[in-house]
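Worksheet: one structure, shown below.
Naming: A, B, ... by sequence-line order, numbering from 1 per chain.
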There are 2 protein chains.
Amino acid sequence: MIQIDLSDHRPLYEQIKDKIKELIITGAVAENEKIPSVRELAQQLTINPNTIQHAYKDLELEGFIYSVRAKGSFVASASHIKKKTQMQELKTAFAGDVKQACFLGVSKDELIRTINEIYREQEMTADDQSNECC
Amino acid sequence: MIQIDLSDHRPLYEQIKDKIKELIITGAVAENEKIPSVRELAQQLTINPNTIQHAYKDLELEGFIYSVRAKGSFVASASHIKKKTQMQELKTAFAGDVKQACFLGVSKDELIRTINEIYREQEMTADDQSNECC
DNA sequence: TAACTGTATTATAATGACTAATACAGTTAG
DNA sequence: CTAACTGTATTAGTCATTATAATACAGTTA
């Protein structure tokens, strides 16, 4: 489900957060679906449970998951996500990428083509799970 | 020329790297133009010279600047930039951002509009400095 | 009851970021 | 030539963050 990249120098809990966000965003895990327990994922990745807990706590704060004591952690519905914060970060990140792409000589068309491809993929997976995303 | 953002929790040297990259990318500093000396910038930002040196060393490795002992550090020509590495990273970053944008309900048109704006700006500053970028 | 959940706490080790203080070698302007 | 500036290197020490370790408690579920 998730794999740690040792060549990535960011903190483990950040990597885990991003990987789980990715799974949610791509629709690999559906709304209200259970994600691995803190201890289970820790064992799977051979890292400390506290590190997983750290990631899950953050994800809950950002609205991506919700945790229920004695039951587990689950994917939240899209409406619970703190979109304003996410959007803010996304905006600057996206603009930065585009500037760099421009600088590196990537054509506008190529960027737009990439966007179209990704949106098409996302729409398809969204249909599979009757998700109103996109 | 550069300002430190205390609310940004990334390392100082990373911030400095990005700011200088930005200046180069946007054409605010031209090829072979001198950038502030290690000590000068350190004093300006009231941080340690070693931190600036760290940033400059990285930037040189990535091909954005070149440093000459006893003379200073200068903006490298575009051809020296390690484009393959940059492109690789850019590609995944861009794709990730687009996926997230899609997920957050941003329309394709809005992304494309942003791209157009940025490319227009960049082309203008590029014209000013007769730079063949974009 | 046993085995599983999330959650919390405390202590400790390890790593990375930053500062500080120097030092050396080379350039350049006065 | 000298003084003041450059990049570069080294060593040491501080500090914050990250990660681990070892427990503990409370609630669910088969």
Side-chain angles (χ1 to χ4, degrees), chain A residues 1-21 24 29 32-76 80, chain B residues 1-21 23-24 29 31-76 80:
Chain A
M1 186 178 190
I2 291 179
Q3 273 201 326
I4 296 296
D5 177 10
L6 294 174
S7 72
D8 189 333
H9 293 296
R10 292 174 312 156
L12 290 177
Y13 76 93
E14 289 276 10
Q15 276 188 58
I16 294 162
K17 279 175 63 179
D18 279 2
K19 293 282 171 61
I20 292 179
K21 272 190 202 175
I24 296 175
V29 288
N32 297 313
E33 188 175 325
K34 194 170 182 292
I35 61 177
S37 77
V38 168
R39 291 173 177 83
E40 191 184 340
L41 188 53
Q43 194 172 23
Q44 202 181 109
L45 304 179
T46 60
I47 62 178
N48 197 282
N50 293 359
T51 305
I52 308 289
Q53 195 190 337
H54 189 168
Y56 280 17
K57 199 188 244 173
D58 277 13
L59 285 169
E60 185 164 22
L61 279 176
E62 294 173 22
F64 283 96
I65 68 173
Y66 61 92
S67 296
V68 186
R69 181 194 218 100
K71 294 203 147 184
S73 298
F74 308 86
V75 177
H80 286 80
Chain B
M1 186 177 191
I2 291 180
Q3 272 202 324
I4 296 298
D5 177 10
L6 294 174
S7 72
D8 188 335
H9 293 296
R10 293 175 312 156
L12 290 178
Y13 75 93
E14 289 276 9
Q15 277 189 56
I16 294 163
K17 278 176 63 179
D18 279 1
K19 294 280 171 63
I20 293 180
K21 273 190 202 174
L23 290 175
I24 295 175
V29 288
E31 273 184 25
N32 298 312
E33 189 175 325
K34 193 169 183 292
I35 61 176
S37 77
V38 168
R39 291 173 178 83
E40 190 184 338
L41 188 53
Q43 194 173 23
Q44 201 180 109
L45 304 178
T46 59
I47 62 179
N48 196 283
N50 293 357
T51 306
I52 309 289
Q53 194 191 337
H54 189 169
Y56 279 17
K57 200 188 240 171
D58 278 14
L59 286 169
E60 185 164 22
L61 277 175
E62 294 173 23
F64 283 95
I65 66 173
Y66 61 92
S67 295
V68 186
R69 183 195 219 98
K71 292 203 147 185
S73 298
F74 308 85
V75 177
H80 286 80

Open item on the list: Under a 3.5 Å cut-off for both contacts, is C/dT9 paired Watson-Crick or G-U wobble with anything, and if yes, with which nucleotide?
Closed with: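 When the pairing criteria are applied, D/dA22 turns out to be the nucleotide that pairs with C/dT9.
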- [ ] Provide the Watson-Crick or G-U wobble partner of D/dT28, both distances under 3.5 Å; none if there is no partner.
- [x]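 Pairing partner: C/dA3.
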On a heavy-atom basis, which atom in [X] and which in [Y] lie closest, and how many Å separate them?
X	Y	answer
B/Y66	B/E60	CA-OE2, 3.8 Å
A/D5	A/Q15	N-OE1, 3.0 Å
A/R10	A/D18	NH1-OD2, 2.7 Å
B/G63	B/A76	O-CB, 3.3 Å

Grab the [atom1]-[atom2] distance between [X] and [N] for me, whole Å please.
X	N	atom1	atom2	result
B/Q43	C/dT19	CD	C1'	16 Å
B/K17	C/dA17	NZ	P	10 Å
B/I47	C/dT19	CD1	C1'	11 Å
B/N48	D/dA12	CG	P	17 Å
A/Q15	D/dT18	CD	P	13 Å
A/D8	C/dT15	CG	P	17 Å
B/E14	C/dG16	CD	P	13 Å

Task: Non-hydrogen side-chain atoms of B/I16 and B/L59 separated by less than 4.5 Å - done: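 Contact flag for B/I16/B/L59 side chains = no.
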Open item on the list: Any non-hydrogen side-chain atom of A/I65 less than 4.5 Å from a side-chain atom of A/I24?
Closed with: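 Answer yes - side chains close enough.
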Do any N or O atoms of the protein come closer than 3.5 Å to N or O atoms of nucleotides 15-17 of chain D, and which pairs are they?
none

Open item on the list: Counting primed atoms plus P, OP1 and OP2 as sugar-phosphate and everything else as base, spell out the protein contacts along nucleotides 1-14 of chain C at 4.0 Å heavy-atom distance: B, S or - for each nucleotide, 5' to 3'.
Closed with: ----BBBBB-----
Contacts under 3.5 angstrom, residues 42-58 of chain A side chains, donor-acceptor by atom type, not counting sequence neighbours:
{"unit_1": "A/N48", "atom_1": "OD1", "unit_2": "A/N50", "atom_2": "N", "d": "2.9"}
{"unit_1": "A/Y56", "atom_1": "OH", "unit_2": "A/P36", "atom_2": "O", "d": "2.7"}
{"unit_1": "A/D58", "atom_1": "OD2", "unit_2": "A/K17", "atom_2": "NZ", "d": "3.2"}

Open item on the list: Can you tell me how far apart CD1 (A/I20) and CD1 (A/I35) are? Round to the nearest 0.5 Å.
Closed with: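 Spacing of CD1 (A/I20) from CD1 (A/I35) equals 4.5 Å.
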Open item on the list: Once rounded to the nearest 0.5 Å, what's the spacing between atom CE of A/M1 and atom CD of A/E40?
Closed with: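 If we round to the nearest 0.5 Å, A/M1:CE and A/E40:CD are 9.0 Å apart.
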